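Report on the structure given below.
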Amino acid sequence: MEEMVNLSFFKNKKVFVTGHTGFKGSWLCKILIMVGANVIGYSLEPTTNPNLFTLLDIEKSMHSIIGDIRDLNSLKRAIIDAEPEIVFHLAAQPIVRESYVNPVDTYSINVMGTVNILEACRNIKSIKSIVNVTTDKVYENKEWCWGYREDENLCGYDPYSNSKSCSELVTYSYKNSFYDKDNSPAISTARSGNVIGGGDFSADRIIPDCVRASIKKEDIVVRNPYSTRPYQHVMECLRGYLTLAIKQYDKNLAGCYNFGPDESDCVCTGKIVEMFCNNWKDSRWIERYDGGPHEANFLKLDCSKSKSRLNWYPKWNINDAVKYTVDWYMAYSNKKELISVTEKQIKEYFQL
């Protein structure tokens, strides 16, 4: 079964995280800080209020640089000054519906942002491992019933998904063109599914929408309860990124990897909302299609490669993922001390 990642590997190591003020980035930084890493972050200010980065007061325990991933000169200076050993690239415009509203910004951030981080890193001798985080939506979605494997066609439909497909191709080109020396850093891309967990306050995401409605005691409006997604707790994919960063020191393991739930835990949006309501008492939901832009109806990942090569397996099933997520948001709603709640969940998951 799963091999729990040896987080002591990161103790005293310099780790550079782009997008550190975001939802995933904040969880990742918190984990790294707890295990004694020297964390340097580069990102825009948090895009929501409230946000996890501020609620957990993460800035006081790391070196936080507010900067735009599209500003190559600023990013280069930050990388040179940091001299990191490991780089996690999470900075992105991550919302599908937002990409229809602002496609130019989406491509600029997600494509040129990838070019810039790889360009900034390629002459830094201290760097040994780079993980570029993309998405499960990079694949050409054929609405078939089995999971996509890493060698399937890359061709995202909407501007967000397509820009992440481009990010994969940029990584492939840079890896072959500039990271092909014996002393080059190992570089991989990580594709994960729809993540849930405490502290996401983004618009147009199902769990944050559920939380906002439940706190206000309003109906949860679900626009497409029949779409199937590989939902997983945020710590599931983060464990994948951390495992990959460690194991790709052996460059034979560098490549592209899926990190998603087992097939039995791939559920439709309506089921996720139903599970949320079972955990958050007195909440209720209704279906109301809002005529929004195209989104895929059916999407699964085949994670056989991550299981066989990295010994990474899902740890929490979908019931666990929803329970821990609701527990966090209920603590937030009840104005409990969120740093201790978050640390407790991290310790339980990683067996710290």
Side-chain angles (χ1 to χ4, degrees), residues 1-7 10 22-32 34-35 52 56 88 90 131 133 135-136 147 190-200 202 205-208 210-211 228-247 257-280 299-308 310-332 338-352:
M1 293 301 293
E2 82 273 359
E3 173 186 301
M4 190 50 63
V5 60
N6 179 21
L7 293 179
F10 294 97
F23 167 56
K24 270 189 186 179
S26 294
W27 273 98
L28 177 60
C29 289
K30 184 63 179 176
I31 294 165
L32 289 168
M34 286 176 64
V35 298
L52 186 62
L56 299 186
F88 292 99
L90 280 72
V131 176
V133 175
T135 175
D136 59 345
R191 306 162 183 175
S192 55
N194 291 43
V195 297
I196 63 175
D200 187 1
S202 301
R205 281 186 178 159
I206 189 60
I207 293 296
C210 289
V211 172
T228 297
R229 295 286 186 274
Y231 290 103
Q232 62 185 163
H233 195 276
V234 64
M235 284 193 281
E236 292 283 87
C237 61
L238 292 180
R239 179 165 56 90
Y241 309 160
L242 293 163
T243 301
L244 180 54
I246 296 171
K247 293 200 173 186
Y257 290 89
N258 290 336
F259 298 104
D262 287 329
E263 184 172 352
S264 60
D265 287 317
C266 291
V267 299
C268 64
T269 303
K271 179 65 175 177
I272 279 282
V273 177
E274 181 182 316
M275 295 169 69
F276 176 92
C277 292
N278 289 338
N279 283 274
W280 192 304
L299 181 59
K300 291 182 181 179
L301 293 175
D302 184 323
C303 300
S304 301
K305 181 180 176 182
S306 294
K307 293 174 180 178
S308 63
L310 303 178
N311 203 20
W312 176 93
Y313 289 80
K315 176 180 172 66
W316 281 354
N317 62 31
I318 190 62
N319 294 301
D320 295 326
V322 173
K323 178 187 181 301
Y324 277 95
T325 299
V326 172
D327 285 349
W328 193 99
Y329 281 111
M330 292 192 77
Y332 165 77
L338 293 173
I339 295 176
S340 60
V341 171
T342 304
E343 290 179 349
K344 182 174 182 291
Q345 291 194 354
I346 290 171
K347 289 175 181 177
E348 288 183 11
Y349 181 85
F350 288 100
Q351 300 171 9
L352 298 178

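Values below: all heavy atoms of this structure, side chains included; hydrogens, waters and symmetry mates excluded. Computed from a predicted structure; not experimentally measured.
- Checked by atom type and distance alone, the side chain of Tyr329 pairs as donor or acceptor with a backbone atom of Gly197 at under 3.5 Å.
- Smallest separation of non-hydrogen atoms from Ser26 and Leu52: CB-CD2, 3.7 Å.
- Heavy atoms only, all atoms of each residue included: Val341 and Ala331 are closest at CG2-CB, 4.0 Å.
- Rounding to the nearest 0.5 Å gives a distance of 9.5 Å between OH of Tyr257 and NZ of Lys247.
- A side chain to side chain contact (heavy atoms under 4.5 Å, CB included) with Phe276 is found for exactly one of Val211, Ile206, Ile196, namely Val211.
- In this structure, CG on Asp200 lies 9.5 Å from OG1 on Thr325, to the nearest 0.5 angstrom.
- Judged as a ring-ring contact (aromatic ring centres under 6.0 Å, His included), and not counting sequence neighbours, Tyr231 has no contacts.
- Here Ser192 contributes atom OG and Tyr241 contributes atom OH; the two are 2.5 Å apart, rounded to the nearest 0.5 Å.
- In this structure Asp327 satisfies the side-chain hydrogen bond (donor to acceptor under 3.5 Å, both in side chains) test together with Lys323, sequence neighbours excluded.
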Step-by-step side chain to side chain contact (heavy atoms under 4.5 Å, CB included) determination, Lys305 to Asn258 | CA-CA 7 Å; Lys305 181 180 176 182; Asn258 290 336; over 6 Å; no
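- Asp302 is linked by a side-chain hydrogen bond (donor to acceptor under 3.5 Å, both in side chains) to Ser304, counting only residues two or more places apart in sequence or in another chain.
- The shortest heavy-atom contact between Ala245 and Phe88 is CB-CZ, 3.6 Å.
- Take Ile346 and apply the side chain to side chain contact (heavy atoms under 4.5 Å, CB included) test, not counting sequence neighbours, and it matches Trp27, Lys30, Ile31, Met34, Met235, Thr342, Phe350, Leu352.
- Put simply, the side chain of Arg229 never gets that close to the backbone of Val195: no donor and acceptor are under 3.5 Å apart.
- Between the NZ atom of Lys315 and the CD atom of Gln351 there is a distance of 4.0 Å, given to the nearest 0.5 Å.
- Taking every heavy atom of both residues into account, Leu310 and Thr243 meet most closely at O-CG2, 3.9 Å.
- Annotation for Glu236 and Pro314: closest pair OE2-CA, 3.1 Å, computed over non-hydrogen atoms.
- Each of Thr269, Ile272, Asp136 was evaluated against Asn194; a single residue qualifies, Asp136, per the side chain to side chain contact (heavy atoms under 4.5 Å, CB included) test.
- Residues satisfying the side-chain hydrogen bond (donor to acceptor under 3.5 Å, both in side chains) criterion with Glu348, sequence neighbours excluded, are Tyr324, Lys344.
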Name every donor-acceptor pair, under 3.5 Å, that has one atom in a side chain of residues 259-268 and the other anywhere in the protein, sequence neighbours excluded.
from: Asp262; atom 1: OD1; to: Lys307; atom 2: NZ; distance (Å): 2.8
from: Glu263; atom 1: OE2; to: Lys300; atom 2: NZ; distance (Å): 3.3
from: Asp265; atom 1: OD1; to: Ile318; atom 2: N; distance (Å): 3.3

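- Using a 4.5 Å heavy-atom threshold, the side chains of Leu28 and Leu242 count as touching.
- Interatomic distance, His233 NE2 to Leu238 CG, rounded to the nearest 0.5 Å: 9.5 Å.
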